[in-house]
Asker: 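I have a structure here, written as structure tokens, and I will follow up with some questions on it.
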Protein chains: 2
Amino acid sequence: MTDDQRSGCPINLTLEVVGDKWSLLIIRDMMFGNRRHFRELLTKSEEGISSNILADRLKTLLDADIITREDDPSHKQKGIYSLTEQGIELLPVLAQMAAWGYQYLPVSEELGIRARLLSEGGPKMWSEFMDELRETHLGIARRKKGPTVGERLQAACESVVNRT
Amino acid sequence: MTDDQRSGCPINLTLEVVGDKWSLLIIRDMMFGNRRHFRELLTKSEEGISSNILADRLKTLLDADIITREDDPSHKQKGIYSLTEQGIELLPVLAQMAAWGYQYLPVSEELGIRARLLSEGGPKMWSEFMDELRETHLGIARRKKGPTVGERLQAACESVVNRT
DNA sequence: TGCAACCAGTTGCAAATTGCAATCAGTTAA
DNA sequence: TTAACTGATTGCAATTTGCAACTGGTTGCA
């Protein structure tokens, strides 16, 4: 892995790290789906990532300090992947992409509702959600209590799915 | 080109369109560098894209209605590429990526200054810049007059470069 | 009129990356 | 003891990328 960067442009450097078809989806699943294990990321992925690609991307994200890995005490082989502060700070990027996709692409209803809420909530909601991620992934207690943004998004998603 | 989408998730759909190492750089150059011709995008690119990749990506972006192409009246072979409204609306995505890259990656000083200003300016500045892009690319006169965000970014960039 | 420079791409080919299925070796619960 | 589960790895075909050369046409200038 040679670090031959193409330029010092911040957008380019960001793309060099997460500018592929899978990395941001993995991060999305860690954020919104709370997937923390290899198997969870592999099998519960909406898009069906294959195991070699997942292994490779997790390695890249570890190298880039976007996620960390620690052993799961309940199972000697299991690893728990967590987002770092740097990884959590990718939320605004994902949120903007979700908002753009929601507006211009043929998004499915059950997956679009999350994007709509997140978009309507704006930076304030993103910030609140990031605090929740800091609690889940970094063990930093969040300030605000009560129902979380994560729960609200999940509930909205399910209410669409269960509406027959 | 079969449209086998992996899922209806807005983030995934967005990545399917611009989730590669070059598309967003082309859009960046159109926005911040005002590159409108094939040659300009090819030779003035900081990262050195090759002509076949550029041709392919422009085709993809045309298909996705992110850019349009029209003939340049001054030269029969020249084409002018313009951003569509949809393309202009990618600015917040780029701005967030720039902000993240600026904060966490080894950005060069002359290219970082733009990211810093854009980040400090926030959504308000982005919106103003998008209005300028609408004027340049869509021919829609902007409301606010006076020095543009584009000029300010350019000036800041040059002031760093020319500081010996 | 001729010619060099410029224009937007295209082509051919090697190298790297991706996607898929099978496999692996250690771990755990029954 | 054994079947299922864990995080991966391997082999291989297909696709994508990157580079350099090239194409067919246009333009400006002498």
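Keep in mind it's a predicted model, so treat the numbers as computed, not measured. Convention: sequence-line order gives letters A, B, ...; per-chain numbering from 1. The figures here come from the full heavy-atom set of this structure, side chains too, leaving out hydrogens, waters and symmetry mates.
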Asker: Atom CG of B:Leu58 to atom C1' of C:dC7: distance rounded to whole Å?
Answerer: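 These atoms are roughly 14 Å apart.
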Asker: Tell me the interatomic distance from A:Asp20, atom CG, to C:dT17, atom C1', rounded to whole angstroms.
Answerer: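 Nearest whole value for this atom pair: 11 Å.
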Asker: Is a side-chain donor or acceptor of B:Thr14 paired with a backbone partner of B:Pro10 at a separation under 3.5 angstrom?
Answerer: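 Yes; at least one donor-acceptor contact below 3.5 Å.
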Asker: Distance check needed: C:dA16 P versus B:Ile53 CD1, whole Å only.
Answerer: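 Roughly 15 Å, once rounded to whole Å.
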Asker: Only counting residues at least two apart or in another chain, list the ones meeting side chain to side chain contact (heavy atoms under 4.5 Å, CB included) with B:Ile80.
Answerer: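 Scan of B:Ile80 (side chain to side chain contact (heavy atoms under 4.5 Å, CB included), adjacent residues dropped) gives B:Arg36, B:His37, B:Glu70, B:Asp72, B:Ser82.
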Asker: When hydrophobic residues are tied together by side-chain contacts of less than 4.5 Å, even through go-betweens, does A:Val149 share a cluster with A:Leu111?
Answerer: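 A:Val149 and A:Leu111: separate clusters.
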Asker: Could you write out each protein N or O paired with an N or O of nucleotides 11-15 of chain C at a distance under 3.5 Å?
Answerer:
none

Asker: Show me the donor-acceptor pairs, under 3.5 Å and distance only, between side chains in residues 86-99 of chain B and residues at least two apart or in other chains.
Answerer:
none

Asker: Can you give the first and last nucleotides of DNA chain D, 5' to 3', that have an atom under 4.0 Å from a heavy atom of chain B?
Answerer: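 Contacts span D:dT17 to D:dT27, reading 5' to 3'.
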Asker: For B:Tyr102, which residues count as a ring pair (Phe, Tyr, Trp, His ring centres under 6.0 Å) partner, sequence neighbours excluded?
Answerer: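 Not a single residue meets the ring pair (Phe, Tyr, Trp, His ring centres under 6.0 Å) criterion with B:Tyr102.
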Asker: Of all residues at least two apart in sequence or in a different chain, which pass the side chain to side chain donor-acceptor pair (under 3.5 Å) check with A:Asp131?
Answerer: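 With neighbours one apart ignored, the set is A:Arg134, A:Arg143.
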Asker: Show every salt bridge (charged side-chain N to carboxylate O under 4.0 Å, His left out) that has at least one partner inside residues 95-112 of chain A, sequence neighbours left out.
Answerer: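 Every pair satisfying salt bridge (charged side-chain N to carboxylate O under 4.0 Å, His left out) with a residue in residues 95-112 of chain A: A:Glu109-A:Arg163.
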Asker: Whether A:Glu128 and A:Arg152 form a salt bridge (side-chain N of Lys/Arg under 4.0 Å from carboxylate O of Asp/Glu) is what I want to check.
Answerer: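 Counted as a salt bridge, because a side-chain N and a carboxylate O are separated by less than 4.0 Å.
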Asker: May I have the distance from A:Leu54 (atom CG) to C:dT18 (atom C1'), rounded to whole angstrom?
Answerer: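 Computing the A:Leu54:CG to C:dT18:C1' distance gives 14 Å.
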Asker: In the structure I gave you, are the side-chain heavy atoms of B:Leu62 and B:Arg69 within less than 4.5 Å of one another anywhere?
Answerer: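 Yes, close enough: below the 4.5 Å cut-off.
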Asker: What integer distance in Å separates B:Asp56:CG from C:dT10:P?
Answerer: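 For the pair B:Asp56 CG and C:dT10 P, the rounded distance is 10 Å.
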Asker: I'd like to check the ring pair (Phe, Tyr, Trp, His ring centres under 6.0 Å) partners of B:Tyr104; sequence neighbours left out, ordered by chain and number.
Answerer: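 Checked B:Tyr104 against ring pair (Phe, Tyr, Trp, His ring centres under 6.0 Å); matches are B:Trp100.
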Asker: Can you pull out the residues from residues 66-78 of chain A that lie within a 4.0 Å heavy-atom distance of DNA chain C?
Answerer: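 Of all residues in residues 66-78 of chain A, the ones placing a heavy atom under 4.0 Å from DNA chain C are A:His75, A:Lys76, A:Gln77.
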Asker: Name all residues meeting the side chain to side chain donor-acceptor pair (under 3.5 Å) criterion together with B:Arg116; count only those two or more places apart in sequence or in a different chain, and write none if there are none.
Answerer: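 Side chain to side chain donor-acceptor pair (under 3.5 Å) list for B:Arg116, sorted by chain: B:Glu120.
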Asker: Output yes when a side-chain donor or acceptor of B:Ser23 lies under 3.5 Å from a complementary backbone atom of B:Gly19, and no otherwise.
Answerer: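 No, because the side chain of B:Ser23 does not come within donor-acceptor range (under 3.5 Å) of the backbone of B:Gly19.
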Asker: Looking at residues 31-42 of chain B, who's got a heavy atom less than 4.0 Å off DNA chain D?
Answerer: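 Heavy-atom cutoff 4.0 Å gives no residues at all.
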Asker: Among residues at least two apart in sequence or on other chains, which ones pass ring pair (Phe, Tyr, Trp, His ring centres under 6.0 Å) with A:Phe32?
Answerer: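 Expected list: A:Phe129.
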